[in-house]
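Throughout, numbering of the chain's residues begins at 1 and tracks the sequence. Counting convention: from 1, in listed order, for ligands and their atoms alike.
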Amino acid sequence: MEFTTEELKKTLSSKTVEIGKEILIYNEVESTNSIANELLKKGYPSGTVVIADRQTKGKGRLGRTWISPAGKNLYMSMAIKPTIPPKFATLLTLTSAVACTTALRRLTDIPVLIKWPNDMLIEDKKVGGILTEVKIEGERIKSAVVGIGINVNMTENDIPEEIKEIATSLKIYKGEDYSRSLLALEIIKEFDRWYQLLEKRQRKTIIDRWMQLSGTMGRQVKIILTDKELKGTAEAIDEEGRLIVKLSDGTYEKICAGDVTLLRAK
Ligand code: BTN
């Protein structure tokens, strides 16, 4: 990372309400999400940010591995204690996707799009992902960790063969290197802003923005669920963050989990 913890904290001070008052930067961790969880258990405040140069067991969604080489990409987790009811937990991921996409667009001018629920795409290739882990206690969210992975300066050679077709980086698209610290700062600021809106129950503002930034709406999607596969048109996001899909027989299905594959453009 180009900046030290102190420089990051100083740059952020007075710019955020909650996120980034505490920031920890590591050379190597198994997963920043796991560290963020441990820090919460140790009593670190909501808004604590963990960043690592490299992950040895980077976690993706659905039990996948997140490729996390040293010195190239951004691996960052935010430990938070949201007060929203558990049924809105998916909105944490959507909020984070809005924040990351806004930050990426501002910093790079690349027209990054969101694919439900958590992917950030450049020309249909994945440039970033979000893994949100939520702990629920009774009727409330006890804590949550929002983990963000952005492929920043990876080159084609750094991307394993098996994901070359589906993954990209800011550098591959633009041909230039980006500062991971500046990107982290932008994301933290944006996340703070959108997360405060979520905490203030401004869900519609977040969902409307998500829809604007989404490359999924109006497109044909294939949804792979554990027990079946669905095909239809992605129509909207409901207030709990579920994807509403219109199936070929005219009925609607609300999707909360599973994998969404884009079939073709509008
Ligand atoms: C996905 O699209 O599958 C989600 C990827 C999330 C990766 C990030 S990298 C930082 C944080 N720590 C992890 O182990 N995973 C997330």
- Message: Run the side chain to side chain contact (heavy atoms under 4.5 Å, CB included) test on Arg61 and Asn118 for me, step by step, so that the C-alpha distance in whole Å, both residues' side-chain angles and the decisive distance to 0.1 Å come before the verdict.
- Response: CA-CA 9 Å; Arg61 281 178 71 238; Asn118 72 324; 2.8 Å; yes
N/O of [X] under 3.5 Å from N/O of ligand 1, yes or no?
X     : result
Lys57 : no
Tyr75 : no
Trp66 : no

- Below 4.0 Å from any atom of ligand 1, is there a heavy atom belonging to Arg64? no
- Query: Can Lys126 be said to touch ligand 1, with heavy atoms closer than 4.0 Å?
  - Reply: yes
Can you sort out which atoms of ligand 1 are near [X], meaning under 4.0 Å from one of its heavy atoms?
X      : answer
Asn118 : 1 (C), 2 (O), 4 (C)
Met76  : 10 (C)
Gly58  : 14 (O)
Ser77  : 11 (C)

Considering only protein heavy atoms, which is closest to [atom], and at what distance to one decimal place?
atom                    : answer
atom 9 (S) of ligand 1  : Gln55 NE2, 3.4 Å
atom 15 (N) of ligand 1 : Lys59 O, 2.8 Å
atom 3 (O) of ligand 1  : Arg61 N, 2.6 Å
atom 10 (C) of ligand 1 : Thr32 OG1, 3.2 Å

So that I can tick it off, tell me whether [Y] and [X] are bridged by a salt bridge, with the cut-off set at under 4.0 angstrom between side-chain N and carboxylate O.
X      : Y      : answer
Lys246 : Glu235 : no
Glu137 : Arg140 : yes
Glu239 : Lys204 : no
Glu7   : Lys10  : no

- Message: Checking side-chain polar atoms at under 3.5 Å, does Ser31 have a donor or acceptor matched by the opposite partner on Asn33?
- Response: no
- Is it true that the side chains of Thr90 and Glu240 contain a donor and an acceptor less than 3.5 Å apart? no
- For the student: nearest non-hydrogen atoms of Tyr178 and Glu2, plus distance: O-OE2, 4.2 Å
- Does NZ or CZ of Arg203 come closer than 6.0 Å to the centre of the six-membered ring of Phe88, within 45° of the ring's axis? yes
- Task: Indicate, as side chain, backbone, both or neither, the part of Ile130 found under 4.0 angstrom from ligand 1 when only non-hydrogen atoms are considered.
- Result: backbone
